[in-house]
Amino acid sequence: METLARDLLDWYDRHARVMPWRVGPSDRQRGLRPDPYRVWLSEVMLQQTTVAAVRDYFHRFTTRWPTVEDLATAEDGAVMGEWAGLGYYARARNLLKCARVVARDHGGVFPDNREDLLALPGIGPYTAAAISAIAFDRPEPVMDGNVERVMARLFDIHTPLPAAKPELAAYAAMLTPQERPGDYAQAVMDLGATICTPKSPACGICPLRPPCAARAAGTAAELPKKTPKKPKPTRRGIVYLAQREDGAWLLERRPDRGLLGGMLGWPGSDWGEAPVEAPPIAADWAMLPAEVRHTFTHFHLILSVRHAVVPLGQAPHSGHFVPQSAFRPSDLPTVMRKAFDLLRGA
DNA sequence: AAGTCGTGGAA
DNA sequence: TTTCCAAGACT
């Protein structure tokens, strides 16, 4: 085996982080393999999301839905509510789609190879390779942000991302061993997450310090190079928090496509330069003195919040009243929960 | 094939 | 305060 892969595995054997979805190197050596359902769920949650943010969500999901068949029979609203706050809500919609395909078309058993996994909703090149490697111990090269960074530094690649991806992928494939590929995949990513970090990498304690070209050249901290990003514009909007006299809240289910798709939210205006008032029900609306500030991937948002108490028996123009007993603020995406918190004085 | 799509923690 | 960024997928 390549010396570099072996050095990395030796390091992993000593430093592998304990995670709820992971079978550690010693257990794996005894033939134990992780549950593909848990690997899949964790990998989807970990897309563009930190381990720290995922932990509690993973626990709640696996407690409530222990198997893929359990998840497949869940109601849409229950899954979206459980995902609320984790972000990138298309993941939750595709998660449920995928669970139902696996339950219906695959007898509740996940495919054991990259190609078949790739055909499932929400499973792209990275996740297909990761499940294939981690759950089924297949020698598939995984390419995520960590691996890109590690490769860029190991080989001192100065081509900016994303143009450098093919070159970095070739190096990653070259280094992927035939032995213990599942542990290796997690080892590279652990290295990237804990040692070979984006800022101020800990080269002093890195197991790959000897062969690292960027370390030798003194360029590690500035790699990988990236093409500059566009500045985020600021948009404005108005949301309306109506509470009926019996305590019910006026909410709406957002359309499946687009921003916060499929999530529960407060009725409101469009978001743009100068939002137009769009109250969902006739009432004496009061404007809250403070505003909600929130930043999405590609724009900043400033939300003005309106509040009103409305009498029973009045039909809204949009949305539907949710009984107070059935309303959980934790079902809301964060930006909507911020508006609620503002009203409650939190 | 660039743009879309969340969030919170770190620096 | 602002910027950066995290185990990407989809269109």
Side-chain angles (χ1 to χ4, degrees), chain A residues 17 19-22 34 38-58 80 83-95 97-98 117-135 140-150 161-163 165 169 172 182 184-194 196-201 221-222 224-235 254-263 265 271 292-301 332-338:
Chain A
R17 292 182 293 169
M19 293 191 262
W21 49 83
R22 173 177 284 179
R38 295 167 67 88
V39 173
W40 163 70
L41 179 62
S42 68
E43 288 301 339
V44 172
M45 287 183 167
L46 286 163
Q47 289 166 9
Q48 298 290 285
T49 309
T50 58
V51 169
V54 163
R55 273 208 162 85
D56 290 347
Y57 282 88
F58 180 83
M80 301 313 288
W83 196 276
L86 197 54
Y88 284 133
Y89 298 101
R91 293 185 296 172
R93 303 194 298 272
N94 287 327
L95 188 83
K97 282 185 195 169
C98 182
L117 286 163
L118 198 50
L120 294 169
I123 298 184
Y126 163 75
T127 305
I131 296 172
S132 190
I134 296 169
E140 299 286 355
V142 297
M143 273 306 286
D144 73 329
N146 288 308
V147 182
E148 287 176 356
R149 185 169 58 255
V150 171
L161 287 169
K165 282 182 185 248
Y184 174 82
Q186 294 175 95
V188 195
M189 293 190 284
D190 266 23
L191 187 79
T194 61
C196 196
T197 52
K199 296 167 187 173
S200 56
E222 63 190 65
K225 294 195 180 292
K226 298 193 175 184
T227 55
K229 297 170 184 174
K230 294 179 179 176
K232 299 179 193 227
T234 298
R235 299 182 192 171
R254 298 173 63 88
D256 261 347
R257 299 190 175 269
L259 192 71
L260 308 179
M263 297 301 291
W271 298 348
V292 168
R293 290 178 170 274
H294 191 76
T295 299
F296 292 97
T297 310
H298 51 294
F299 65 93
H300 303 289
L301 178 66
L332 297 174
T334 299
V335 64
M336 297 296 174
R337 193 181 44 72
K338 282 184 180 178

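By convention in this document, chain letters (A, B, ...) are assigned in the order of the sequence lines, proteins followed by strands, and residues within each chain are numbered from 1. Here the structure is a predicted model, which means the values were calculated and not measured.
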Trainee: Across the strands shown, which category fits Met19(A) at heavy-atom distances under 4.0 angstrom: base, sugar-phosphate, nothing?
Mentor: base
Trainee: Are the side chain of Arg254(A) and the backbone N or O of Gly265(A) linked by a donor-acceptor pair below 3.5 Å?
Mentor: no
Trainee: Between dG8(B) and Thr50(A), counting only base atoms on the nucleotide and side-chain atoms on the residue, is there a donor-acceptor pair under 3.5 Å?
Mentor: no
Trainee: Please compare Thr295(A) and Gly145(A) by the position of their nearest nucleotide in DNA chain C and report the one closer to 5'.
Mentor: Thr295(A)
Trainee: Between dC4(C), dT7(B), dA6(C), which one does the side chain of Pro333(A) approach most closely?
Mentor: dT7(B)
Trainee: For Tyr126(A) and Gln47(A), test the side chains for any donor-to-acceptor distance below 3.5 angstrom and give the result as yes or no.
Mentor: no
Trainee: Using atom types as modelled and distance alone, determine if a side-chain donor or acceptor of Arg337(A) lies under 3.5 Å from a backbone N or O of Gly85(A).
Mentor: no
Trainee: Taking the P atom in each of dG6(B) and dT11(C), what is the distance between them to the nearest angstrom?
Mentor: 14 Å
Trainee: Does Val147(A) reach a base, just sugar-phosphate, or nothing at all? Heavy atoms under 4.0 Å.
Mentor: nothing
Trainee: Can you measure Leu161(A) atom CG to dC5(C) atom C1' for me and round it to whole angstrom units?
Mentor: 13 Å
Trainee: Could you pick out which residue, Leu118(A) or Ser42(A), lies toward the 5' side of DNA chain C when each is mapped onto its nearest nucleotide?
Mentor: Ser42(A)
Trainee: Quick one: does Tyr57(A)'s side chain get under 4.5 Å of Thr49(A)'s, heavy atoms only?
Mentor: no
Trainee: Give Thr49(A) one of three labels, base, sugar-phosphate or nothing, depending on what nucleic acid heavy atoms sit under 4.0 Å from its own.
Mentor: base
Trainee: Kindly say if His294(A) contacts the phosphate of dT7(B), meaning a side-chain N or O under 4.0 Å from OP1 or OP2.
Mentor: yes
Trainee: I need the CH2-P distance between Trp83(A) and dG8(B), as an integer number of Å.
Mentor: 15 Å
Trainee: Could you tell me the separation between the NZ atom of Lys232(A) and the P atom of dT7(B), rounded to a whole number of Å?
Mentor: 12 Å
Trainee: Provide, to the nearest angstrom, the distance between the CG atom belonging to Leu301(A) and the C1' atom belonging to dT7(B).
Mentor: 14 Å
Trainee: Is a donor on one side and an acceptor on the other found under 3.5 Å between the side chain of Arg38(A) and the backbone of Pro20(A)?
Mentor: yes
Trainee: Which parts of residues 126-135 of chain A get close to DNA chain B, meaning a heavy atom less than 4.0 angstrom away?
Mentor: none
Trainee: Report yes if a side-chain nitrogen or oxygen of Gln48(A) is closer than 4.0 Å to either non-bridging phosphate oxygen (OP1 or OP2) of dG8(C); otherwise report no.
Mentor: yes
Trainee: Quick one: does Leu332(A)'s side chain get under 4.5 Å of Met263(A)'s, heavy atoms only?
Mentor: no
Trainee: Between Arg17(A) and Arg22(A), is a side chain to side chain contact (heavy atoms under 4.5 Å, CB included) present by the stated rule, with each step listed?
Mentor: CA-CA 9 Å; Arg17(A) 292 182 293 169; Arg22(A) 173 177 284 179; 4.1 Å; yes
Trainee: Would a line drawn from the ring center of His294(A) to the ring center of Phe296(A) be shorter than 6.0 Å?
Mentor: yes
Trainee: May I have the distance from Lys229(A) (atom NZ) to dA2(B) (atom C1'), rounded to whole angstrom?
Mentor: 15 Å
Trainee: So do Trp40(A) and Ile123(A) actually touch side chain to side chain, heavy atoms under 4.5 Å?
Mentor: yes
Trainee: Base, sugar-phosphate or nothing for Arg17(A)? Non-hydrogen atoms, less than 4.0 Å.
Mentor: base
Trainee: Determine whether Ile134(A) and Pro34(A) make a side-chain contact, defined as any pair of heavy atoms from C-beta on separated by less than 4.5 Å.
Mentor: yes
Trainee: I'd like to know whether NZ of Lys232(A) has more than 12 heavy-atom contacts from other residues, nucleotides or ligands below 6.0 angstrom.
Mentor: yes
Trainee: Among dC5(C), dA6(C), dC10(C), find the nucleotide with the atom closest to the side chain of Pro198(A).
Mentor: dA6(C)
Trainee: Could you state the atom-to-atom distance from NZ of Lys225(A) to C1' of dC5(C) in whole Å?
Mentor: 17 Å
Trainee: Identify whether any heavy atom of Gly192(A) sits under 4.0 Å from a base atom; if not, whether one sits that close to sugar-phosphate; answer base, sugar-phosphate or nothing.
Mentor: nothing
Trainee: From dA11(B), dA6(C), dG8(B), pick the nucleotide closest to the side chain of Lys199(A)?
Mentor: dA11(B)
Trainee: For nucleotides 3-5 of chain B, tabulate all protein N/O to nucleotide N/O atom pairs closer than 3.5 Å, reporting atom names and distance.
Mentor:
{"from": "dG3(B)", "atom 1": "OP1", "to": "Lys230(A)", "atom 2": "NZ", "distance (Å)": "2.3"}
{"from": "dC5(B)", "atom 1": "OP1", "to": "Leu259(A)", "atom 2": "N", "distance (Å)": "3.3"}
{"from": "dC5(B)", "atom 1": "OP2", "to": "His298(A)", "atom 2": "NE2", "distance (Å)": "2.8"}

Trainee: Whole angstrom is fine here: how far is it from CZ in Arg293(A) over to P in dT3(C)?
Mentor: 13 Å
Trainee: Classify the nucleic acid contact of Arg93(A) as base, sugar-phosphate or nothing, counting any heavy atom under 4.0 Å across all strands shown.
Mentor: nothing
Trainee: How many whole angstroms separate atom CG of Asn94(A) from atom C1' of dT11(C)?
Mentor: 12 Å
